[in-house]
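Here the structure comes first, spelled out in structure tokens, and everything after it is commentary.
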Amino acid sequence: MAAPQGSRAPLEFGGPLGAAALLLLLPATMFHLLLVVRSGPARLLGPPPYLPGLEELWSQQALLLWLTWLGLQAALYLLPARKVAEGQELKDKSRLCYPINGFQALVLTALLVGLGVSVGLPLRALPEILLPLAFSATLTAFIFSLFLYMKALVAPVSALAPGGNSGNPIYDFFLGRELNPRIYFFDFKYFCELRPGLIGWVLINLALLVQEAELRGSPSLAMWLVNGFQLLYVGDALWHEEAVLTTMDITHDGFGFMLAFGDLAWVPFTYSLQAQFLLYHPQPLGLPMASVICLINAIGYYVFRGANSQKNTFRKNPSDPRVAGLQTISTATGRQLLVSGWWGMVRHPNYLGDLIMALAWSLPCGMSHLLPYFYLLYFTALLVHREARDERQCLQKYGLAWHEYCRRVPYRIVPYVY
Ligand SMILES: NC(=O)C1=CN([C@@H]2O[C@H](COP(=O)(O)OP(=O)(O)OC[C@H]3O[C@@H](n4cnc5c(N)ncnc54)[C@H](OP(=O)(O)O)[C@@H]3O)[C@@H](O)[C@H]2O)C=CC1
Ligand SMILES: CC(C)CCC[C@@H](C)[C@H]1CC=C2C3=C(CC[C@@]21C)[C@@]1(C)CC[C@H](O)C(C)(C)[C@@H]1CC3
């Protein structure tokens with residue numbers, strides 16, 4: 001039985017009290033958004049139009065559909081992969097292997113859904129059952145996190161994450177105890193991070209587009225843009241699946257409620273908020289404005305992809321001709337830090353690009369409501385908090401060299417602003 005790692009890791013998210021509050025607040029916020037978006041006034045900060053009874057949240061059919069979805073994605077994960085990648089080195093010096101077949105899963109899902117629709121699968125009915133589906137996803141996330149917590153009780157100490165092992169059950173349940181919980185080749189965290197939630201998100205968007213077409217004769221330009229931008233984002237994440245292996249979620253955070261709920265429920269049901277908003281509150285959008293929004297998304301994507309690819313290429317092979325000319329700082333760990341190129345502009349250029357895209361996803365929804373800007377607001381808070389966590393970890397890893405990097409690149413996310 002694994003002993004807790006002790007309280008050496010500083011507590012995050014406000015400690016046990018913060019974790020307990022988030023356990024309730026996150027699902028409550030998600031249901032609030034789902035209820036408010038379909039109401040007439042659609043006020044982000046107003047009360048929900050009504051409180052749904054259990055009969056509206058619970059549906060055996062929705063649970064079955066949700067479990068079938070998870071089963072389908074799990075089956076696609078187990079299909080032969082074009083490549084098997086190695087993860088970062090673990091505490092015991094070993095490396096785990098991960099199948100790289102996420103994009104293949106996206107394409108196969110699209111084919112299966114297309115086939116389903118051609119034989120009468122009512123895709124347009126999906127928006128009607130979002131509430132019970134979200135309830136099933138939340139329930140699954142709670143039960144699954146409980147399983148992960150128990151599993152960590154019998155995991156070796158070397159398998160535990162740096163945080164999430166404080167000894168406080170609520171805090172540890174929220175943050176997650178085990179770093180890479182798996183059963184044989186099946187890695188739960190890696191699977192959940194990219195597949196059911198992200199692919200589910202674009203499928204929900206598509207269903208909203210189809211329903212809009214049925215209601216109004218054709219999908220609106222705003223709905224096309226939101227669908228297109230977010231499909232690009234999800235397609236890009238799955239195309240560059242290997243890069244997720246170096247994110248802090250995989251290398252640092254345990255797998256507990258925060259990520260299980262985030263991946264399985266929060267992402268598909270709140271990230272699709274703009275498309276949901278457009279179905280219930282159609283917005284006029286002219287071609288000139290649509291072109292400006294496309295340009296904003298293209299700039300955001302260019303920064304996001306440029307920064308992420310530059311770092312990944314550099315981490316894989318610093319002498320790659322695409323990055324060999326960049327200036328670097330040496331660190332005591334033997335690794336180097338980039339101080340020119342994207343990473344010389346601000347310390348988190350990828351966050352900047354991601355935020356610019358977030359803006360482009362909300363703009364097609366017009367300026368009449370704050371609700372479709374929820375993602376931008378939440379994401380800004382998430383990235384500011386994430387940036388602070390990453391800085392702490394980098395300071396611990398790189399010490400003086402990190403101070404030197406901060407001196408040479410003083411801005412965190414937005415040049416000359418923050
Ligand atoms: N849509 C969403 O909901 C979310 C999206 N994201 C996106 O996920 C992506 C990954 O984000 P995240 O995992 O937070 O962090 P990053 O990809 O920014 O990785 C941070 C790590 O990069 C390395 N690094 C930092 N500075 C340098 C440098 N100058 N030179 C070389 N390496 C450096 C360090 O690790 P090391 O030195 O060990 O390599 C550091 O820990 C981002 O694009 C972000 O926007 C993130 C969260 C949510
Ligand atoms: C519910 C809470 C408020 C917090 C949950 C956070 C999670 C929703 C996010 C944590 C890191 C994420 C990443 C992506 C999606 C959201 C979560 C899971 C990501 C897969 C999106 C696509 C990107 O291209 C990426 C870089 C692969 C992202 C990695 C981090």
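Here the structure is a predicted model, which is why all the values come from computation and not from measurement. Start at 1 with the first residue, then count along the sequence. Whatever order the structure lists ligands and atoms in, that order sets their numbers, starting from 1.
- Contact annotation for Val234 and ligand 2: no heavy atom of the residue comes within less than 4.0 Å of the ligand.
- The aromatic rings of Trp342 and Tyr302 sit perpendicular, their planes meeting at an angle over 60°, well past the 30° parallel limit.
- Ligand 1 is never approached by Glu387 to a heavy-atom distance shorter than 4.0 Å.
- Contacts between Leu22 and ligand 2 below 4.0 angstrom, taking non-hydrogen atoms only, are absent altogether.
- Ring geometry, Trp58 versus Phe135: the interplanar angle exceeds 60°, so the pair is classed perpendicular (tilted spans 30 to 60°).
- Judged by the shortest distance from any of its heavy atoms, His240 lies outside the 4.0 Å radius around the atoms of ligand 2.
- Taking the centre of each ring, Tyr398 and Tyr405 stay at or above the 6.0 Å mark.
- Nearest heavy-atom pair, His281 versus Val37, reported as atom, atom and distance to 0.1 Å: NE2-O, 2.9 Å.
- Considering backbone and side-chain atoms alike, Tyr405 places an N or O below 3.5 Å from some N or O of ligand 1.
- Residue contacts with ligand 1 do not include Thr246, since none of its heavy atoms lies under 4.0 Å from the ligand.
- Considering both main-chain and side-chain atoms, Trp343 never comes within under 3.5 Å of ligand 1 through any nitrogen or oxygen pair.
- If you look at Arg386 next to ligand 2, the close heavy atoms, those under 4.0 Å, all belong to the side chain.
- Counting only heavy atoms, the protein gets under 4.0 Å from atom 12 (C) of ligand 2.
- Residue contacts with ligand 2 for Asn308 are absent, since no atom lies close enough (heavy atoms, distance under 4.0 Å).
- Between Tyr171 and Ser166, the shortest heavy-atom distance links the atoms CD2-OG, 3.4 Å.
- In terms of protein heavy-atom proximity, atom 35 (O) of ligand 1 is closest to Lys397 NZ, 3.3 Å.
- Below 4.0 Å from some heavy atom of Asp263 lie the following atoms of ligand 2, by number and element: 18 (C).
- The closest approach between any non-hydrogen atom of Trp342 and ligand 1 is not below 4.0 Å.
- When the heavy-atom distances from atom 4 (C) of ligand 1 to Phe379, Phe314, Tyr378 are ranked, the shortest goes to Phe379.
- Nearest-residue assignment for atom 34 (C) of ligand 1 (options Cys394, Gly197, Ala237; heavy-atom criterion): Cys394.
- Distances from atom 19 (O) of ligand 1 to the heavy atoms of Lys311, Gln393, Met248, Arg305 put Lys311 nearest.
- Relative to atom 10 (C) of ligand 1, the option among Leu198, Leu355, Thr247 with the closest non-hydrogen atom is Thr247.
- One option in Arg315, Glu193, Glu391 has a heavy atom closer to atom 31 (C) of ligand 1 than any other, and that option is Arg315.
- Screening Phe186, Phe185, Tyr190 for a ring-ring contact (aromatic ring centres under 6.0 Å, His included) involving Tyr98 leaves a single residue, Tyr190.
- Relative ring orientation between Trp239 and Phe103 is described as perpendicular, the plane-to-plane angle rising above 60° on a 0-90° scale split at 30° and 60°.
- Considering only non-hydrogen atoms, atom 21 (C) of ligand 1 lies nearest to Asp390 out of Asp253, Val339, Ile329, Asp390.
- At the shortest separation from atom 1 (N) of ligand 1 among protein heavy atoms lies Tyr233 OH, 2.8 Å.
- Considering backbone and side-chain atoms together, Tyr351 places an N or O closer than 3.5 Å to an N or O of ligand 1.
- Shortest non-hydrogen contact noted between Leu259 and Gly254 is CD1-O, 3.8 Å.
- Within the 4.0 Å heavy-atom criterion, the part of Phe304 lying near ligand 2 is the side chain and not the backbone.
- Ring geometry, Phe304 versus Tyr301: the interplanar angle falls from 30° to 60°, so the pair is classed tilted.
- Ring centers of Tyr271 and Tyr375: under 6.0 Å apart, within the cut-off.
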